[in-house]
Amino acid sequence: MDLSMTMFSASRHEEFTDIRWFGDASLFTAEPFQHQETLLAVTFCDIFVISRTMVQSCIQDWPRITHMLSTFAKTYTAQLSSADNPLLPDVQAECRENALSQNLHYIVFNPDENMRLQSLKNREQVSSLAKLIKRVVRGDLEHVDLPDMLRQSLPELDAQNSVYCSLSEPAERDRAESSCWTVLSLILGSHSDFVAWQPPSSALTVGQW
């Protein structure tokens, strides 16, 4: 049986059967967010009410979840504060989705499956990192080819389909790649490659090398 509700106000009317949240911003704000529209059950449906005290009781023993929710709440309420009409359900829903998309903790728990499958596919197609290191040690790779070979051997460093892309953390991807490149530079004994990622003003000198 389809379970449906109607939401209506003076300016619009909408019937829906999916899960909706109303007034959830009140869990994170000092002043409650008053729902501005009327809900009417068209068929049998379930309505659950959750209070701020209930949320606190659920998360009090889970520091990681508490931090995730706290980070989400700050982003969510900030977006609502800057919205033109934060009381509208559609505006709240958009702000909620935007806040989730920026929450790294949430993304880790709910990764983009397309990104994960792409990384796995890449891993099956490329040579292993061990083979790359052996070629570096033997000296049968041109230095100019190393960055691309490194990214092929470590799909996590791919500039388009890596986990860092799904987390919107390009700077972290660059740091990871720099760390790998540093290790390869040590294997190569190449000072110029070692300092390639370092700011000229604070780069390791040849004497320090």
Side-chain angles (χ1 to χ4, degrees), residues 1-119 156-176:
M1 178 176 67
D2 290 332
L3 310 180
S4 62
M5 295 189 72
T6 292
M7 177 172 61
F8 60 90
S9 64
S11 59
R12 71 168 188 165
H13 176 281
E14 178 186 358
E15 185 171 325
F16 60 90
T17 59
D18 55 336
I19 297 174
R20 299 288 181 96
W21 290 84
F22 297 102
D24 56 310
S26 297
L27 297 171
F28 314 117
T29 57
E31 296 296 327
F33 269 65
Q34 184 68 38
H35 184 52
Q36 299 293 297
E37 299 182 305
T38 301
L39 294 175
L40 175 67
V42 178
T43 65
F44 176 82
C45 61
D46 292 316
I47 298 177
F48 297 94
V49 178
I50 185 169
S51 67
R52 190 177 305 181
T53 302
M54 293 169 65
V55 172
Q56 293 171 347
S57 177
C58 289
I59 67 174
Q60 63 183 356
D61 295 326
W62 303 92
R64 188 175 181 184
I65 302 300
T66 301
H67 187 239
M68 177 182 73
L69 190 61
S70 174
T71 304
F72 163 78
K74 290 177 182 178
T75 308
Y76 183 27
T77 54
Q79 295 204 12
L80 286 173
S81 297
S82 61
D84 291 335
N85 195 339
L87 296 180
L88 289 179
D90 290 346
V91 173
Q92 292 184 21
E94 182 178 358
C95 292
R96 187 186 308 119
E97 290 301 316
N98 289 338
L100 285 175
S101 68
Q102 299 175 37
N103 191 292
L104 297 185
H105 301 280
Y106 176 83
I107 295 172
V108 168
F109 288 131
N110 300 270
D112 187 329
E113 292 299 323
N114 291 328
M115 292 295 184
R116 297 180 81 186
L117 292 174
Q118 182 67 31
S119 293
E156 294 85 349
L157 300 181
D158 188 280
Q160 302 296 326
N161 297 305
S162 69
V163 64
Y164 295 111
C165 295
S166 65
L167 295 176
S168 300
E169 286 288 321
E172 190 64 30
R173 190 208 70 85
D174 291 344
R175 283 190 287 270

**OP:** Without swapping roles, check the side chain of Ser81 against the backbone of Thr77 for a donor-acceptor pair under 3.5 Å.
**Re:** yes
Subject >> For Ala25 against Leu80, the heavy-atom pair lying closest together >> reply: CB-CD1, 3.5 Å
Original post:
What is the minimum heavy-atom distance between Leu27 and Ile50, and which atoms define it?
Top reply: CD2-O, 3.8 Å
**OP:** Locate the shortest heavy-atom distance separating Ser57 from Gln60; write the atom from each residue and the value.
**Re:** O-CG, 3.5 Å
Original post:
Between atom CD of Gln92 and atom OH of Tyr76, what is the distance when rounded to the nearest 0.5 Å?
Top reply: 4.5 Å
**OP:** Measure the spacing between CD1 of Ile59 and CD1 of Ile65 and express it to the nearest 0.5 Å.
**Re:** 9.0 Å
Subject >> Ser70 side chain vs Thr66 backbone, donor-acceptor pair below 3.5 Å >> reply: no
Subject >> Exam field: side chain Arg52 to backbone Thr29, donor-acceptor pair closer than 3.5 Å >> reply: yes
**OP:** Could you pull out the closest heavy-atom pair between Ala83 and Val91, with the gap in Å?
**Re:** CB-CG1, 3.7 Å
Original post:
CD/Glu94 to CG/Asn98 distance, rounded to the nearest 0.5 angstrom?
Top reply: 5.5 Å
Original post:
Can you tell me how far NZ of Lys74 sits from CG of Asn103, rounded to the nearest 0.5 angstrom?
Top reply: 11.5 Å
Original post:
To the nearest 0.5 Å, what is the distance between CD1 (Ile19) and SG (Cys45)?
Top reply: 12.0 Å
**OP:** Find the distance between CZ (Phe22) and CD1 (Ile47) and round it off to the nearest 0.5 Å.
**Re:** 9.0 Å
